[in-house]
Amino acid sequence: AMALCLKQVFNKDKTFRPRKKFEPGTQRFELYKKAQASLKSGLDLKAVVQLPPGESINDWIAVHVVDFFNRINLIYGTMSEYCTEKSCPIMSGGLKYEYRWQDDSKYKKPTKLSAPQYMCMLMDWIEMLINNEDIFPTRIGVPFPKQFQQVCTKILTRLFRVFVHVYIHHFDSIINMGAEAHVNTCYKHFYYFIREFSLVDHRELEPLVRMAQGRRG
């Protein structure tokens with residue numbers, strides 16, 4: 001079922017974005033491989049997210065932010081035909097939570113957008129940040145900027161909202177596509193990571209707290 005799900009994504013050109021590359025031979029590439037390998041081995045996700053001894057926290061955060069962006073973008077890509085202007089005229093997480101879009105260029109004030117519009121703005125905005133060498137340097141010896149973790153907090157907070165919307169409004173579609181296990185694993189990995197490094201304010205996590213408790217048992 002997952003193969004079918006991924007096939008649907010790759011057939012939709014508009015949803016697949018060029019991946020940020022870590023140069024082979026660099027420390028970040030090695031860290032990325034290490035993170036992927038430990039994930040594939042089916043280890044406890046709480047252990048997988050911990051900073052490996054002797055590694056830089058910013059390098060570790062950088063490879064995860066890029067990886068989560070790629071994976072959440074794929075997950076949303078598989079849902080996108082069910083998330084339309086008509087079905088989701090407001091970017092929300094149930095009746096209690098509504099998310100407005102703000103950036104430094106087009107939307108200077110928090111603005112109501114439909115879920116698909118919000119997602120599109122969000123993915124473009126993150127892609128622009130992670131491909132900006134001044135914020136996510138890929139060259140060896142180039143330091144991260146002072147505000148790096150603040151930028152990552154903003155990216156991860158907004159990516160969390162994708163999970164909120166997908167889980168609350170499109171969970172039936174996830175189940176119908178046979179992607180529930182995949183989405184749950186990705187969500188748990190993301191959740192343990194942001195908790196391990198306190199990267200997202202706990203108030204932002206509230207919409208899924210009950211669900212997480214219910215699912216994790």
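Side chains included, hydrogens not; waters and symmetry mates left out as well; all remaining heavy atoms used. Owing to the predicted nature of the structure, the values given are computational and were not obtained by experimental measurement.
- Residues Ile75 and His182 have side chains in contact (heavy-atom distance under 4.5 Å, counting atoms from C-beta outward).
- Salt-bridge check for Lys46 with Asp44: failed, with every basic side-chain N at 4.0 Å or more from each acidic carboxylate O.
- With hydrogens and angles ignored, the 3.5 Å screen pairs no side-chain donor or acceptor of Asp67 with any backbone N or O of Val63.
- Side-chain atoms of His169 come within 3.5 Å of backbone N or O of Gly94 as a donor-acceptor pair.
- Counting only heavy atoms from C-beta outward, the side chains of Leu159 and Val65 never approach each other to under 4.5 Å.
- For His170 and Tyr82, the distance between ring centers is not under 6.0 angstrom.
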Verify side-chain contact (heavy atoms from CB on, under 4.5 Å) between Leu199 and Thr157, making sure each step is shown before the conclusion.
CA-CA 8 Å; Leu199 289 165; Thr157 298; over 6 Å; no
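- Judged by distance alone, with hydrogens and angles left aside, the side-chain atoms of His165 form no donor-acceptor pair with the main-chain N or O of Gly93 at under 3.5 Å.
- For His64 and Phe190, the gap between ring centers reaches or exceeds 6.0 Å.
- Under a 3.5 Å cut-off, the side chain of Asn176 and the backbone N or O of Asp172 do form a donor-acceptor pair.
- Between Asp104 and Lys108 there is no salt bridge, since none of the side-chain N atoms of the basic residue sits less than 4.0 Å from a carboxylate O of the acidic one.
- Formation of a donor-acceptor pair under 3.5 Å by the Asp59 side chain with backbone atoms of Ala62 is not found in this model.
- Annotation: the span from Asp103 atom CG to Asp124 atom CG amounts to 10.0 Å, rounded to 0.5 Å.
- You'll find the side chain of Phe148 stays beyond 4.5 Å of the side chain of Pro143, heavy atoms only.
- Residues Trp101 and Arg158 have side chains in contact (heavy-atom distance under 4.5 Å, counting atoms from C-beta outward).
- Between Ile126 and Leu122 the shortest side-chain heavy-atom distance falls below 4.5 Å.
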Could you please spell out the steps behind the side-chain contact (heavy atoms from CB on, under 4.5 Å) verdict for Phe163 and Leu208?
CA-CA 9 Å; Phe163 280 120; Leu208 293 184; 4.1 Å; yes
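- Here the closest non-hydrogen pair linking Val49 and Tyr192 is CG2-O, 3.7 Å.
- Residues Trp125 and Cys120 form no side-chain contact, since every pair of their non-hydrogen atoms from C-beta on lies 4.5 Å or further apart.
- With sequence neighbours left out, the side chain to side chain contact (heavy atoms under 4.5 Å, CB included) criterion links Ile57 to Leu51, Ile61, Gln149, Phe197.
- Aromatic rings of Phe68 and Phe193 (six-membered ring for Trp) have centroids within the 6.0 Å cut-off, being under it.
- Between the side chains of His189 and Arg71, at least one donor N or O sits under 3.5 Å from an acceptor N or O.
- Atom CG of Asn58 and atom SG of Cys152 lie 7.5 Å apart (nearest 0.5 Å).
- Of the residues Val200, Val151, Ile72, the one that meets the side chain to side chain contact (heavy atoms under 4.5 Å, CB included) test with Leu156 is Val200.
- No side-chain heavy atom of Leu129 sits less than 4.5 Å from a side-chain heavy atom of Lys154.
- Between Phe160 and Tyr187, the ring-plane angle classifies as tilted under the 30° and 60° cut-offs.
- Nearest heavy atoms, Cys88 versus Pro116: O-CD, 3.8 Å.
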Could you go step by step and tell me if Tyr107 and Met121 meet the side-chain contact (heavy atoms from CB on, under 4.5 Å) rule?
CA-CA 10 Å; Tyr107 296 96; Met121 298 301 297; 3.6 Å; yes
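- No side-chain N or O of Tyr118 forms a donor-acceptor pair with one of Arg100 less than 3.5 Å apart.
- Separating the CD1 atom in Ile90 from the OG atom in Ser114 is a distance of 10.0 Å, to the nearest 0.5 Å.
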If you apply the rule side-chain contact (heavy atoms from CB on, under 4.5 Å), what do you find for Phe144 with Ile135, and how did you get there?
CA-CA 6 Å; Phe144 286 93; Ile135 301 171; over 6 Å; no
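- The distance from atom CD1 of Ile130 to atom CD of Glu127, rounded to the nearest 0.5 Å, is 6.5 Å.
- Under a 3.5 Å cut-off, the side chain of Thr111 and the backbone N or O of Lys109 do form a donor-acceptor pair.
- The CG atom of Leu45 sits 7.5 Å away from atom NZ of Lys188, with the distance rounded to the nearest 0.5 Å.
- Remark: Tyr97 engages Tyr99, Glu206, Pro207 in a side chain to side chain contact (heavy atoms under 4.5 Å, CB included) (not counting sequence neighbours).
- Remark: Arg161 CZ to Glu98 CD distance equals 11.0 Å, nearest 0.5 Å.
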